[in-house]
Number of protein chains: 2
Amino acid sequence: MSKQSRTLQTYQALKFDVLSARYLPGRKLIIENICEEQCVSPGAVREALARLTSDGLVIAEPQKGFTVAPVSIADLQDLTEVRIDVEQKCIRRAIRDGDIEWEGQILSTLHQLNKTLETTVLEGGKLVFCPIWAEKHAQFHDALVSACSNLWWLNLRSRLFMQAERYRWMTLPYVEEKRFVVKEHEALVAATLDRDADLASALVEDHLQKTADLLLSSDAPFDDTDERYTKAVKLT
Amino acid sequence: MSKQSRTLQTYQALKFDVLSARYLPGRKLIIENICEEQCVSPGAVREALARLTSDGLVIAEPQKGFTVAPVSIADLQDLTEVRIDVEQKCIRRAIRDGDIEWEGQILSTLHQLNKTLETTVLEGGKLVFCPIWAEKHAQFHDALVSACSNLWWLNLRSRLFMQAERYRWMTLPYVEEKRFVVKEHEALVAATLDRDADLASALVEDHLQKTADLLLSSDAPFDDTDERYTKAVKLT
DNA sequence: TCCATAGAAACTATAGAATGTTTTAGAAAA
DNA sequence: TTTTCTAAAACATTCTATAGTTTCTATGGA
């Protein structure tokens with residue numbers, strides 16, 4: 001039997017499916033289908049979907065079921081603007097408050113991230129979707145700001161990162177990686193460990209803006225004229 | 001039969017109970033009790049609690065049930081700092097982008113808020129908990145920033161406002177209202193309609209910081225030595 | 001202090017009722 | 001004769017309720 005409850009299990013599975021773009025925006029989430037796919041009861045699925053609703057990943061319409069939350073270019077632009085600001089707030093406070101252990105964590109996660117990139121992702125020059133790399137990438141960025149003593153900034157950052165990850169994964173197969181993400185990460189780490197808040201802040205902005213621009217200029221089926229993406233982002 | 005589903009009904013009822021401090025932080029939420037109180041089935045309650053979990057209002061521990069999310073002085077301080085920043089971002093963009101209709105909405109909601117205050121709340125000099133005033137107050141602050149074209153800023157603001165409302169209502173019976181909130185609101189509106197972003201921004205900071213300070217210096221049973229409030233705020 | 005047992009509550013599954021959606025048949029108009 | 005609009009019926013899915021199982025907690029005794 002599983003250690004954690006079936007609800008958490010399906011919640012994480014569904015969250016992964018939405019973030020990894022296995023379930024595209026606007027897709028209808030039939031409870032019965034999910035039941036047999038995850039081998040759980042409708043109750044657990046409903047509960048997982050309810051949590052995802054408050055996470056902003058799915059939309060619940062009473063008596064009409066659940067659908068994957070829509071995305072749009074405008075939403076990505078707004079999201080990027082907010083992310084830059086919040087990430088800067090976090091990194092500044094982390095640089096101010098961070099200790100030795102924090103520095104160690106940064107180097108540790110960076111190392112793991114780079115090693116993961118070398119061994120698994122680079123296939124034929126194009127980026128390939130890789131859950132392990134995605135996890136390492138998230139852990140690295142988490143470590144960078146983990147010394148921020150204000151938990152609410154970190155909370156907001158976490159939510160925004162999740163949403164951005166969704167965009168990244170969705171359009172990842174269509175973009176050619178021309179940047180050297182590794183270099184950007186290392187520069188960011190260098191500035192951070194030097195406690196150069198202004199430089200780190202600028203690098204963060206560069207990093208996030210470049211990522212968004214790359215997605216927007218890609219060949220990805222990411223067009224507001226596409227019927228699947230037209231719906232406006234609904235916020236509670 | 002009710003128009004909207006029972007789940008939404010219980011979700012809103014529970015949300016109200018938590019925000020209005022009927023359910024104190026740390027309190028255990030027995031599903032069965034809620035069932036008979038709200039006259040609904042356990043399934044609906046579970047679903048509502050799941051949504052509240054992602055809202056950060058309740059904590060879910062597998063196999064151990066649900067409890068009302070804890071609060072603390074440190075959390076209120078962090079929250080206030082973040083709120084000030086986010087509210088400023090919103091008001092600045094609203095001032096930049098707002099149109100005539102937006103201005104009208106501000107005046108309309110301000111008027112309703114003041115009228116509500118006169119007729120209902122002032123009883124014996126002390127502030128009395130009043131759901132209607134709380135709703136009008138929220139609508140007024142919503143209207144102020146509603147012209148902000150970046151939906152993500154508004155989304156974050158909405159979440160932070162909700163959390164702050166919880167603190168305000170919880171400690172409200174214990175604070176004597178020495179400020180003239182009406183004056184502060186009117187000054188804020190004046191600065192906003194004059195499109196004076198810097199002044200409005202400063203007033204916002206003043207407004208929020210004063211509210212937090214008032215709560216922290218109140219006689220409210222709001223002490224980290226109290227066992228009910230000691231638990232750290234858990235962030236997903 | 002440790003262990004066992006009894007009780008309570010959460011978790012899961014199954015079944016039935018209410019609601020929304022689609023399809024199809026029929027009739028009227030072009 | 002063909003097309004289109006309407007309406008009703010059949011289907012699918014969500015929503016709600018009830019029952020059974022597993023897990024946790026508390027109390028009593030060794």
Side-chain angles (χ1 to χ4, degrees), chain A residues 1-15 17-18 23-55 57-70 227-228 230-231 234 236, chain B residues 1-15 17-18 23-55 57-70 227-228 230-231 234 236:
Chain A
M1 199 64 63
S2 64
K3 281 184 287 187
Q4 49 192 358
S5 66
R6 310 293 273 279
T7 297
L8 264 183
Q9 183 180 321
T10 58
Y11 168 74
Q12 291 170 343
L14 282 176
K15 185 174 176 179
D17 286 340
V18 172
Y23 290 161
L24 288 176
R27 169 162 174 172
K28 202 160 190 299
L29 294 168
I30 307 297
I31 293 180
E32 190 181 351
N33 297 1
I34 301 172
C35 288
E36 55 189 25
E37 187 171 341
Q38 300 287 337
C39 302
V40 292
S41 68
V45 174
R46 290 192 62 79
E47 201 171 324
L49 288 172
R51 287 192 59 179
L52 289 171
T53 297
S54 284
D55 285 339
L57 261 47
V58 309
I59 303 295
E61 289 174 293
Q63 313 294 345
K64 291 183 66 179
F66 299 85
T67 56
V68 178
E227 195 267 334
R228 292 175 304 180
T230 48
K231 301 173 189 172
K234 184 178 179 184
T236 49
Chain B
M1 202 59 64
S2 64
K3 281 184 289 187
Q4 49 190 2
S5 67
R6 308 292 272 278
T7 297
L8 264 182
Q9 183 181 320
T10 58
Y11 168 73
Q12 291 170 342
L14 283 175
K15 186 174 176 180
D17 287 339
V18 173
Y23 290 161
L24 288 177
R27 169 163 174 171
K28 200 159 191 302
L29 294 170
I30 309 297
I31 294 181
E32 190 182 350
N33 298 0
I34 301 174
C35 287
E36 55 190 24
E37 187 172 341
Q38 300 286 338
C39 302
V40 290
S41 68
V45 174
R46 290 191 61 80
E47 201 171 325
L49 288 172
R51 287 192 58 179
L52 288 171
T53 297
S54 284
D55 285 339
L57 262 46
V58 310
I59 303 295
E61 291 174 288
Q63 312 295 344
K64 292 183 64 177
F66 298 87
T67 56
V68 178
E227 194 269 334
R228 291 176 303 179
T230 47
K231 301 172 189 171
K234 183 179 178 184
T236 50

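Any value given below was found using the heavy atoms of this structure, including those in side chains, with hydrogens, waters and symmetry copies removed. Chain letters run A, B, ... following the sequence lines, proteins first, then strands; residues in each count from 1. This is a predicted model, so every value here is computed, not measured.
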Would you say C:dA18 has OP1 or OP2 under 4.0 Å from some side-chain N or O of B:Arg6?
no
Rounded to the nearest Å, what distance is computed from the OH atom of residue B:Tyr11 to the C1' atom of nucleotide D:dC15?
19 Å
Using a cut-off of less than 4.0 Å, is there contact between a side-chain N or O of B:Arg46 and OP1 or OP2 of C:dC11?
yes
Measure CG/B:Asn33 against P/C:dA9 and give the value in whole Å, please.
7 Å
At less than 4.0 Å, is any side-chain N or O atom of B:Lys64 found next to OP1 or OP2 of D:dT25? Yes or no.
yes
How close or far is atom C1' of C:dC11 from atom CD of A:Gln9, stated in whole angstroms?
13 Å
With a non-hydrogen cut-off below 4.0 angstrom, is B:Gly43 in contact with a base, only sugar-phosphate, or nothing?
nothing
Would a distance-only check, ignoring hydrogens and angles, find a side-chain to backbone donor-acceptor pair under 3.5 Å from A:Arg6 to A:Cys39?
yes
Here's a test for you: under side-chain contact (heavy atoms from CB on, under 4.5 Å), which of B:Thr67, B:Leu57, B:Val58, B:Val68 qualifies with B:Tyr23?
B:Val68
Under 4.0 angstrom, heavy atoms only, what part of the nucleic acid is B:Leu29 near: base, sugar-phosphate, or nothing?
sugar-phosphate
With a cut-off of less than 4.0 Å, is there a side-chain N or O of A:Ser41 near OP1 or OP2 of C:dT12?
no
Out of C:dT14, C:dT19, D:dA17, which has the shortest distance to the side chain of B:Val40?
D:dA17
May I have the distance from B:Ile30 (atom CD1) to C:dA8 (atom P), rounded to whole angstrom?
12 Å
Whole angstroms only, please: what is the CD1-C1' distance between B:Ile31 and C:dT12?
12 Å
CD of A:Glu32 versus C1' of D:dC15: gap in Å, rounded?
14 Å
Please confirm whether the shortest side-chain N or O distance from B:Thr7 to OP1 or OP2 of D:dT16 is below 4.0 Å.
yes
Quick one: A:Leu49 CG to D:dC15 P, roughly how many Å, whole number?
10 Å
